[in-house]
Amino acid sequence: MTSVGSPVTLHPSERGVRWPSGRCDEIATIEIDEDEVTAKLVRPLLEGVEEGLGPWKADGFTLSTGEMMELILYLPIASDGFILRVDHGTSVDTAIAHFLSAFGIPPDRVRWRCDQAPADT
């Protein structure tokens, strides 16, 4: 855990680690490109194919504040951005704020949040 005012940092997760609660929540869609993600994680993204959703790229990490997270990009809908997943029950507002701090990106790059109604079109 970091102390108040300390910068939030991230550490890539060991590959294959399970969510502490046993499942995750999709809490946001982030406008971030693959190069930004790999630069922060200092390793290439994992790749695979999920039946019904198609090919994906993803990786997990833990923040210095304790949150376990994953970014996943489904290539057929890549223009939507990376989906931010967290351990089930994690505070959405706090997790998003810590994620943005760790990645050094502004709040306007959050395209969707699970705790806010979509904007009228």
Side-chain angles (χ1 to χ4, degrees):
M1 294 295 227
T2 60
S3 62
V4 175
S6 297
V8 178
T9 58
L10 62 91
H11 307 282
S13 298
E14 183 178 326
R15 302 250 161 108
V17 171
R18 304 242 183 247
W19 296 104
S21 71
R23 62 188 176 124
C24 66
D25 294 328
E26 294 184 352
I27 64 166
T29 303
I30 310 293
E31 183 182 329
I32 188 170
D33 65 42
E34 184 179 337
D35 291 339
E36 288 177 281
V37 176
T38 57
K40 279 290 189 183
L41 297 176
V42 195
R43 66 183 185 188
L45 298 175
L46 296 168
E47 297 184 37
V49 176
E50 188 168 337
E51 188 174 332
L53 294 172
W56 54 263
K57 293 184 177 187
D59 208 346
F61 50 93
T62 302
L63 300 183
S64 56
T65 49
E67 294 99 344
M68 178 184 271
M69 300 184 167
E70 176 185 64
L71 284 170
I72 186 164
L73 179 70
Y74 288 100
L75 300 182
I77 57 169
S79 63
D80 290 351
F82 274 85
I83 297 167
L84 178 62
R85 294 176 173 167
V86 297
D87 190 41
H88 177 68
T90 300
S91 166
V92 171
D93 195 49
T94 302
I96 291 173
H98 289 167
F99 168 82
L100 294 173
S101 178
F103 274 78
I105 59 175
D108 65 355
R109 290 183 52 192
V110 176
R111 291 185 159 180
W112 169 82
R113 292 172 57 123
C114 68
D115 60 346
Q116 294 180 347
D120 292 332
T121 55

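In this chain, numbering begins with 1 at the start of the sequence shown.
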task: Using the salt bridge (charged side-chain N to carboxylate O under 4.0 Å, His left out) rule, collect all pairs that involve residues 63-81, keeping only residues at least two apart or in two chains.
output: Glu70-Arg85
Got a list of side-chain donor-acceptor pairs under 3.5 Å for residues 42-52, not counting sequence neighbours?
| from | atom 1 | to | atom 2 | distance (Å) |
| --- | --- | --- | --- | --- |
| Arg43 | NE | Asp59 | OD2 | 2.7 |
| Arg43 | NH1 | Ser13 | O | 3.3 |
| Arg43 | NH2 | Ser13 | O | 2.7 |
| Arg43 | NH2 | Asp59 | OD1 | 2.9 |
| Arg43 | NH2 | Asp59 | OD2 | 3.3 |
| Glu50 | OE1 | Tyr74 | OH | 2.9 |

task: Applying side-chain hydrogen bond (donor to acceptor under 3.5 Å, both in side chains), name anything that partners Asp87, two or more places apart in sequence or on another chain.
output: Ser21
field: For the student: nearest non-hydrogen atoms of Phe82 and Leu71, plus distance
entry: CD2-CB, 3.7 Å
query: Apart from Met68 itself, what residues make up its hydrophobic cluster when side-chain heavy atoms of I, L, V, M, F, W and Y under 4.5 Å apart count as a link, directly or indirectly?
result: Val17, Trp19
task: State yes or no: do Leu53 and Leu73 share one hydrophobic cluster built from I, L, V, M, F, W and Y residues joined by side-chain heavy-atom distances below 4.5 Å, directly or via other members?
output: no
task: Would you name the heavy atoms of Pro55 and Pro76 that are closest together and state the gap between them?
output: O-CD, 3.6 Å
query: For Thr94 and Ser91, which heavy atoms make the closest approach, and how far apart are they?
result: OG1-OG, 3.2 Å
query: With distance as the sole test, does Asp25 use its side chain to make a donor-acceptor pair with the main-chain N or O of Ile27 at under 3.5 Å?
result: no
field: Backbone N/O of Glu31 and side chain of Arg111: donor-acceptor pair under 3.5 Å
entry: no
- line: side chain to side chain contact (heavy atoms under 4.5 Å, CB included) test vs Cys114 passes for just one of Thr29, Val92, Leu84, namely Val92
Contact check, side chains of Ile105 and Glu36, non-hydrogen atoms, under 4.5 Å: yes
- request: For Thr38, enumerate each residue passing the side-chain hydrogen bond (donor to acceptor under 3.5 Å, both in side chains) test, keeping only those at least two apart in sequence or located in another chain.
  value: none
- request: Measure from the side-chain N and O atoms of Lys40 to the backbone N and O of Gly104, and report whether any donor-acceptor pair falls under 3.5 Å.
  value: no
query: Counting only heavy atoms not in Arg15, do more than 12 sit closer than 6.0 Å to its CZ atom?
result: yes
field: Hydrophobic cluster membership, Leu100 vs Ile83, 4.5 Å side-chain cutoff
entry: no
- prompt: Taking a hydrophobic cluster as the set of Ile, Leu, Val, Met, Phe, Trp and Tyr residues connected by side-chain heavy atoms closer than 4.5 Å, whether directly or through intermediates, do Ile30 and Leu63 fall within one such cluster?
  reply: yes
message: Applying a strict under-4.5 Å side-chain criterion to I, L, V, M, F, W and Y, I'd like to know whether Met69 and Ile32 cluster together.
response: yes
task: List for me each residue that meets ring-ring contact (aromatic ring centres under 6.0 Å, His included) alongside Phe99, sequence neighbours excluded, and say none if there are none.
output: Phe103
